Amino acid sequence: MVKHREDIEKQQRLYEILKEQHEAEKHEIVHYSSILKDIENSLIRNYITTLLNDGIKHIQYITQAMAKIEGASGSLHLTKEGMNKSIKEEEESKNLVQECINLTDDPDIKELLKSIVVDEDHHIKILQHISQIVETYSKKIKQ
């Protein structure tokens, strides 16, 4: 019984540390993203981009570990409802950025925002394709 309690406490401590690290990684990503725009040296920009990409990867790993501790499956469950929700969120983001484009007169800001709209469109297409793949895969499993 004592061993079981110790294991639970150990898991809880691990989860708390992972949660703290998750927050730290998010903070670093925000920080690096905010300074990236001001860096002109291409080597330093590449280094900062590497830090950003690694931070995103670390968040994914930490999230998987936390989900496993919580008892959730470590595998990704994609549902039609979940995919539709993601697509809707991307569309809402695109619409908000489009509204920002309409509100600004600054040509530089307009161009930056237009690039985000292009990315959001791309994200929507990716999610739609993932949805099609999942649907096709689900039909094959049911057969």
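Small disclaimer: the values here were computed from a predicted structure and weren't measured.
- At a threshold of 4.0 Å, the pair E89-K85 counts as salt-bridged, since one of the basic side-chain nitrogens sits closer than that to a carboxylate oxygen.
- Here the shortest heavy-atom pairing between I69 and Q11 reads CG1-NE2, 4.0 Å.
- Summarising the geometry, atom CG belonging to D38 is positioned 9.5 Å from atom CZ belonging to R45; distances are rounded to the nearest 0.5 Å.
- Cluster annotation: I124 is connected to I126 through the hydrophobic network of ILVMFWY side chains, with a link wherever side-chain heavy atoms come within less than 4.5 Å.
- Interatomic distance, M83 CE to Q128 CD, rounded to the nearest 0.5 Å: 9.0 Å.
- Nearest heavy-atom pair, I62 versus Q21, reported as atom, atom and distance to 0.1 Å: CD1-CG, 3.4 Å.
- Taking K125 as the reference, nothing meets the salt bridge (Lys or Arg N to Asp or Glu O under 4.0 Å) condition, with sequence neighbours excluded.
- How far CG of L14 is from CD of E9: 13.5 Å, rounded to the nearest 0.5 Å.
- Alongside I35, the hydrophobic cluster contains I29, Y32, L36, I39, I44, I48, L51, L52, I56, I59 (criterion: ILVMFWY side chains under 4.5 Å).
- Using a 30° and 60° split on the angle between ring planes, H58 and Y61 fall in the tilted class, from 30° to 60°.
- What you find for E90 and H123 is that their closest heavy atoms are OE1-ND1, 3.2 Å.
- Separation of atoms CG (D54) and CD (E28) is listed at 10.5 Å; rounding is to 0.5 Å.
- Taking the salt bridge (Lys or Arg N to Asp or Glu O under 4.0 Å) definition, one finds that E111 meets it with K114, sequence neighbours left out.
- The CD1 atom of I101 sits 11.5 Å away from atom CG of L96, with the distance rounded to the nearest 0.5 Å.
- At a threshold of 4.5 Å between side-chain heavy atoms, the hydrophobic network of Ile, Leu, Val, Met, Phe, Trp and Tyr places V117 and L113 in one connected group.
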### Query
Stepwise, does the salt bridge (Lys or Arg N to Asp or Glu O under 4.0 Å) test hold for D7 with K10?
CA-CA 5 Å; D7 288 343; K10 187 177 173 183; 5.9 Å; no
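- A salt bridge links K26 with E23; the closest basic N to acidic carboxylate O contact falls under 4.0 Å.
- Residues T104 and K110 come closest through the heavy atom pair O-NZ, 2.9 Å.
- Counting non-hydrogen atoms of neighbouring residues, nucleotides and ligands closer than 6.0 angstrom, the CD atom of E16 exceeds 12 such neighbours.
- Closest approach of L18 and A65 over heavy atoms only: CD1-CB, 3.9 Å.
- To the nearest 0.5 Å, the span separating CG on L127 from CG on N84 amounts to 10.0 Å.
- For the pair R13/I17, a side-chain contact is recorded, criterion being any heavy-atom separation below 4.5 Å from C-beta on.
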